[in-house]
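In what follows, every heavy atom counts, from backbone to side chain, and hydrogens, waters and symmetry copies are set aside. Only a predicted model underlies this, so the values are computations on that prediction, with no experimental measurement involved. Position 1 is the first residue of the sequence, and the numbers go up from there.
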Amino acid sequence: MAQRRLTVLATLAMLLLSSCLAAPAVAQQSSIGDTVVFWGRNKAEGSLREACDSGLYTTVIISFLSAFGRGSYKLDLSGHPVVPVGGDIKYCQSKGKTVLLAIGGQGGEYYLPSSQAAADLDDYLWNAFLGGGRSGVARPFGDAVVNGIDFFIDQGATEHYDELARLLHAHNNGGVMLTATARCGFPDQRLQAALATGLFSRIHVKLFSDGRCTWGRRESLEKWAAAYPDSRIFVGIVASPEADRDAYMSHKDLYFDVLQFINKLPNYGGIMVWNRYWDKKTGYINGDVF
């Protein structure tokens, strides 16, 4: 399976090399960087362990903790059994993969109405999924500890996510990795205050689900990279036209419209793929689509 990932990486690297030969005065990177995938959106995608064993991804984001802020929490894994996930997390981490938990999502069951709600969510995340363990707080994944939290705040109000970021960062002297999955159009108002804390190591910029970015993808990514030079910027793509027909890009379009430019940026991080189900169905990252 690792060889399949190398196929598409090699294809994109060859395009980069060709561009270098055509314009030798311009220094370019030869790698598309890390590959991040969202897992947990369709039971037919297979297990978390299978995703890690594919050799296609360096980071897997479990999605989603889809409800919070109203005194209760809901983990939505689209029908996946929860019990095996803890063992799969530890297995993936043993293979050198980073495993994150995304909070929020595309539903509307979450918000942070107050500073206390942010503190309560921090306490829950720390004790249920991270390095804590307080009596009375169930751990859905057992003693497995995710590497960090992805802020996928796509709905609702904007307040108090900066407070949540600071609280999470305070654990283990900053040992909790924080990432954000943002809308393509810059800035993303729902994440603007949180990102202003400077605590996010990665920003996954979605070039989908946002009509403002059907055109101007490159320009928007350059704005994100310039605004957050200390964060690694990831190009968020869909793995199938069924996921978002208007946003889908072939490998050729991905390179010529985006990567040949964004790859040069000093804080370019790689590609974020939405999602494991579509990627498994189409073989987009395998390079088997075209």
Side-chain angles (χ1 to χ4, degrees), residues 1-5 34-68 72-107 109-110 121-152 168 171-172 175-179 181 202 204 238-240 243 272-286:
M1 289 292 186
Q3 184 61 37
R4 293 182 178 179
R5 180 173 187 262
D34 289 325
T35 306
V36 179
V37 71
F38 276 81
W39 176 90
R41 295 297 80 221
N42 192 306
K43 190 175 181 180
E45 69 197 333
S47 69
L48 180 63
R49 179 181 295 238
E50 179 186 320
C52 293
D53 273 340
S54 71
L56 301 173
Y57 321 110
T58 55
T59 296
V60 181
I61 302 180
I62 299 171
S63 54
F64 291 104
L65 183 73
S66 62
F68 54 80
S72 61
Y73 304 94
K74 183 172 80 173
L75 182 67
D76 176 12
L77 301 183
S78 303
H80 283 285
V82 175
V83 172
V85 175
D88 288 357
I89 290 171
K90 291 190 280 187
Y91 175 81
C92 292
Q93 291 168 334
S94 75
K95 298 297 182 181
K97 313 298 183 186
T98 298
V99 182
L100 306 174
L101 173 67
I103 62 171
Q106 296 162 322
E109 298 181 81
Y110 59 87
L121 179 55
D122 165 70
D123 179 77
Y124 177 72
L125 291 170
W126 175 248
N127 288 294
F129 301 102
L130 294 164
R134 180 166 55 82
S135 177
V137 179
R139 294 187 63 89
F141 305 146
D143 61 356
V145 176
V146 296
N147 296 96
I149 303 297
D150 180 72
F151 284 43
F152 193 118
L168 287 168
H171 295 294
N172 287 351
V176 176
M177 182 178 184
L178 297 181
T179 69
T181 298
R202 301 179 181 180
H204 314 119
V238 291
S240 169
M272 180 274 280
V273 183
W274 182 267
N275 51 41
R276 171 59 179 165
Y277 169 72
W278 292 118
D279 190 35
K280 182 178 179 181
K281 185 175 180 180
T282 65
Y284 188 92
I285 295 300
N286 289 350

For the pair H204 and V36, evaluate side-chain contact (heavy atoms from CB on, under 4.5 Å) and give the outcome as yes or no after the intermediate values. CA-CA 9 Å; H204 314 119; V36 179; 4.2 Å; yes

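For the salt bridge (Lys or Arg N to Asp or Glu O under 4.0 Å) test, residues two or more places apart in sequence or in another chain that qualify with K281 are E242. S63 is linked by a side-chain contact (heavy atoms from CB on, under 4.5 Å) to F38, R41, A102, counting only residues two or more places apart in sequence or in another chain. Residues satisfying the side-chain contact (heavy atoms from CB on, under 4.5 Å) criterion with E109, sequence neighbours excluded, are S66, A67, K74. In this structure, the side-chain contact (heavy atoms from CB on, under 4.5 Å) partners of N147, at least two apart in sequence or on a different chain, are Q93, T98, V99, L100. Residues passing the side-chain contact (heavy atoms from CB on, under 4.5 Å) test with S47 are R49, E50, D88, sequence neighbours excluded. For R134, the salt bridge (Lys or Arg N to Asp or Glu O under 4.0 Å) partners at least two apart in sequence or on another chain are D123.
Nearest heavy atom pair, residue N127 against residue G133, reads OD1-N, 3.0 Å. The two atoms that bring G86 and A144 nearest to each other are O-CB, 3.4 Å, heavy atoms only.
Residues L125 and L65 are in side-chain contact: their nearest non-hydrogen atoms beyond the backbone lie under 4.5 Å apart. At least one side-chain heavy atom of V82 sits less than 4.5 Å from a side-chain heavy atom of F141. Side-chain atoms of I61 and L101, non-hydrogen and from C-beta on, never get closer than 4.5 Å to each other. The side-chain heavy atoms of V37 and L56, taken from C-beta on, include no pair separated by under 4.5 Å. The side-chain heavy atoms of T59 and D34, taken from C-beta on, include no pair separated by under 4.5 Å. Within the 4.5 Å cutoff, no side-chain heavy atoms of Y284 are placed close to those of S240. Side-chain contact check for R276 versus S54: some heavy-atom pair is nearer than 4.5 Å.
Look at K95 and D53 and you find no salt bridge, because none of the NZ, NE, NH1 or NH2 atoms lies under 4.0 Å from a carboxylate O.
Aromatic pair Y73/F68: ring centres not closer than 6.0 Å.
A donor atom on one side chain and an acceptor atom on the other are found under 3.5 Å apart for T179 and D150.
To the nearest 0.5 Å, atoms CG (N42) and NE2 (H80) are separated by 7.0 Å. The CG atom of L178 sits 5.5 Å away from the CG atom of L168 when rounded to the nearest 0.5 Å. T181 contributes atom OG1, which lies 7.5 Å from atom CZ of F64 (distance to the nearest 0.5 angstrom). In this structure, I62 CD1 and L48 CG are separated by 5.0 Å, a value rounded to the nearest 0.5 Å.
Counting only distance, with no hydrogens or angles, the side chain of R139 and the backbone of V145 share no donor-acceptor pair below 3.5 Å. Side-chain N or O atoms of K97 include one that pairs as donor or acceptor with a backbone N or O of Y57 at under 3.5 Å. A distance-only check finds a donor-acceptor pair linking the side chain of W39 to the backbone of G46 [under 3.5 Å]. A donor-acceptor pair is defined here as one N or O able to donate and one able to accept, closer than 3.5 Å; such a pair exists between the side chain of E45 and the backbone of G40. Formation of a donor-acceptor pair under 3.5 Å by the T35 side chain with backbone atoms of T58 is not found in this model. With Y110 contributing its side chain and G105 its backbone, the two residues share a donor-acceptor pair below 3.5 Å.
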